[in-house]
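Below you'll find the structure, written out as structure tokens, and then a few comments.
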Amino acid sequence: MSDTATIVLIVVVVLLVLAAIVFGVQAARRRRLRQTFGPEYDRVVADTGNRTDAEKELLERTKRHAQLELKPLSPESRTRYSAAWEEVQIRFVDDPQEAVSTADELVTALIAERGYPTGDYDERLADLSVEHAATLEHYRSAHDISRRSRDGQAETEDLRQALVHYRALFADLLGENPVAHTTPAPRPAAEDTTRPDTTTEPSR
């Protein structure tokens with residue numbers, strides 16, 4: 001084999017090795033991003049239409065998240081938030097719409113106390129996605145129902161679902177379930193007390 005052929009062969013081998021290393025690094029990064037972001041990974045890929053751009057976006061989120069000064073809640077704060085959430089669920093019985101509005105405010109307050117910026121909704125989602133991707137879709141659904149509720153376009157069952165969705169993120173941020181998993185049903189309309197009493201026995 002001539003010297004030229006030997007050099008070409010060496011160059012080809014080196015290029016193949018480098019390609020294998022690059023492919024391995026990309027595969028490891030992709031696997032790490034999938035593990036971190038879960039279903040959010042596929043959502044961003046679908047939104048961008050390009051896997052490379054999506055991964056670049058997710059890496060930017062990770063870098064931005066690393067610069068946040070996040071802090072755990074004190075036991076006193078956990079107790080306070082759990083009590084506030086229980087009040088929200090109690091309020092739902094009489095005023096579902098107001099309860100959902102309060103739940104939105106309470107979740108936003110908890111997000112802020114954990115150290116996340118709360119100014120822009122989309123940026124808030126991006127920041128939360130790094131550590132709370134598993135419950136992020138709950139937050140999106142709750143936020144959408146809350147917006148429709150303000151426009152008078154949400155039914156009572158929608159509001160109940162919103163409270164369930166809010167609670168999922170709330171518990172994730174709190175680090176524990178604030179109250180029981182059940183959501184109270186709205187109080188039914190008062191019964192008509194003017195109807196005749198049909199429980200008495202007829203006169204003999």
Side-chain angles (χ1 to χ4, degrees), residues 37-40 43 68-202:
F37 290 95
E40 185 70 7
R43 183 186 181 94
L68 298 176
E69 296 183 3
L70 302 180
K71 50 187 178 293
L73 293 175
S74 66
E76 293 77 15
S77 290
R78 280 199 177 92
T79 300
R80 175 166 50 85
Y81 276 108
S82 292
W85 187 264
E86 189 168 4
E87 287 295 323
V88 168
Q89 293 206 159
I90 293 172
R91 184 177 303 179
F92 185 85
V93 175
D94 291 314
D95 194 341
Q97 189 173 18
E98 177 63 23
V100 168
S101 177
T102 304
D104 181 74
E105 295 171 359
L106 188 59
V107 168
T108 301
L110 178 54
I111 290 172
E113 187 157 340
R114 287 294 313 275
Y116 290 98
T118 58
D120 181 80
Y121 172 68
D122 290 332
E123 290 183 3
R124 193 185 318 165
L125 288 175
D127 292 334
L128 288 170
S129 69
V130 179
E131 287 190 355
H132 303 282
T135 52
L136 200 60
E137 200 59 34
H138 285 287
Y139 190 32
R140 284 193 178 99
S141 297
H143 184 80
D144 179 64
I145 296 172
S146 183
R147 178 185 54 78
R148 289 193 285 116
S149 175
R150 289 193 296 270
D151 296 335
Q153 298 176 351
E155 302 292 336
T156 300
E157 176 58 22
D158 296 328
L159 297 172
R160 190 187 70 82
Q161 287 297 326
L163 205 61
V164 171
H165 289 310
Y166 274 128
R167 186 176 58 211
L169 177 64
F170 190 84
D172 195 14
L173 289 164
L174 195 66
E176 60 188 39
N177 289 320
V179 289
H181 286 277
T182 56
T183 301
R187 191 184 303 279
E191 294 183 0
D192 184 0
T193 57
T194 63
R195 292 179 302 172
D197 185 2
T198 58
T199 60
T200 58
E201 295 183 2

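Please read all numbers here as calculations on a predicted model, not as lab measurements. One-based numbering along the sequence shown.
- Looking only at side-chain heavy atoms (C-beta outward), Thr108 and Arg124 come within less than 4.5 Å of each other.
- Electrostatic pairing of Arg140 and Asp144 does not count as a salt bridge here, judged by no charged N lying under 4.0 Å from a carboxylate O.
- Minimum interatomic distance between Ala162 and Ala142 (heavy atoms only, all atoms of both residues): O-CB, 3.7 Å.
- Considering only heavy atoms from C-beta on, Arg43 comes within 4.5 Å of Glu137 through its side chain.
- Across Val130, Thr135, Leu136, a single residue satisfies side chain to side chain contact (heavy atoms under 4.5 Å, CB included) together with His132, and that is Thr135.
- With Ser129 contributing its side chain and Ala126 its backbone, the two residues share a donor-acceptor pair below 3.5 Å.
- Of the residues Tyr81, Tyr139, Tyr116, the one that meets the side chain to side chain contact (heavy atoms under 4.5 Å, CB included) test with Leu173 is Tyr116.
- Taken to the nearest 0.5 Å, the CG atom of Leu68 stands 11.0 Å off from the CZ atom of Arg114.
- Asp172 places no side-chain N or O within donor-acceptor distance of the main-chain N or O of Leu169, the cut-off being under 3.5 Å.
- For Glu98, the side-chain contact (heavy atoms from CB on, under 4.5 Å) criterion is met by Arg91, Asp95, Thr102, not counting sequence neighbours.
- Within the 3.5 Å criterion, the main-chain N or O of Pro117 finds no donor-acceptor partner in the side chain of Glu123.
- In this structure the side chain of Trp85 never reaches within 4.5 angstrom of the side chain of Leu174, judged on heavy atoms.
- Legend: residues meeting side-chain hydrogen bond (donor to acceptor under 3.5 Å, both in side chains) with Ser101, ordered by chain and number and at least two apart, are absent.
- Looking at every heavy atom in both residues, Ala103 comes nearest to Leu163 through CB-CD1, 3.6 Å.
- For Glu157, the CD atom sits in a packed shell: over 12 heavy atoms of surrounding residues, nucleotides or ligands are nearer than 6.0 Å.
- Checked against a 6.0 Å centroid threshold, the rings of His138 and Tyr166 do not count as neighbours.
- The two residues Ile111 and Thr118 have their closest heavy-atom pair at CG2-CG2, 3.7 Å.
- For Glu40 against Ala133, the heavy-atom pair with the smallest separation is CB-CB, 4.3 Å.
- Under a 3.5 Å cut-off, the side chain of Thr79 and the backbone N or O of Pro75 do form a donor-acceptor pair.
- Take Asp127 and apply the salt bridge (charged side-chain N to carboxylate O under 4.0 Å, His left out) test, not counting sequence neighbours, and it matches Arg64.
- Side chain of Asp120 to main chain of Asp122: a donor-acceptor pair is present (N/O by atom type, distance under 3.5 Å, no hydrogens or angles).
- The pair Glu113-Lys71 does not meet the salt-bridge criterion, since no charged nitrogen lies less than 4.0 angstrom from a carboxylate oxygen.
- Judged by distance alone, the side chains of Gln153 and Arg147 never bring a donor and an acceptor atom under 3.5 Å apart.
- Atoms CD and CD, on Glu155 and Gln161 in that order, are 13.0 Å from each other to the nearest 0.5 Å.
- For the atom pair CG of Leu106 and CZ of Arg167, the computed distance is 13.0 Å after rounding to the nearest 0.5 Å.
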Audit row: Ser74, Ser77, side-chain hydrogen bond (donor to acceptor under 3.5 Å, both in side chains) steps and yes/no: CA-CA 5 Å; Ser74 66; Ser77 290; 3.2 Å; yes
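- With rounding to the nearest 0.5 angstrom, the CZ atom of Phe170 is 5.5 Å from the CG atom of Leu110.
- Of all non-hydrogen atoms in Leu159 and Pro96, the two that sit nearest each other are CD1-CB, 3.8 Å.
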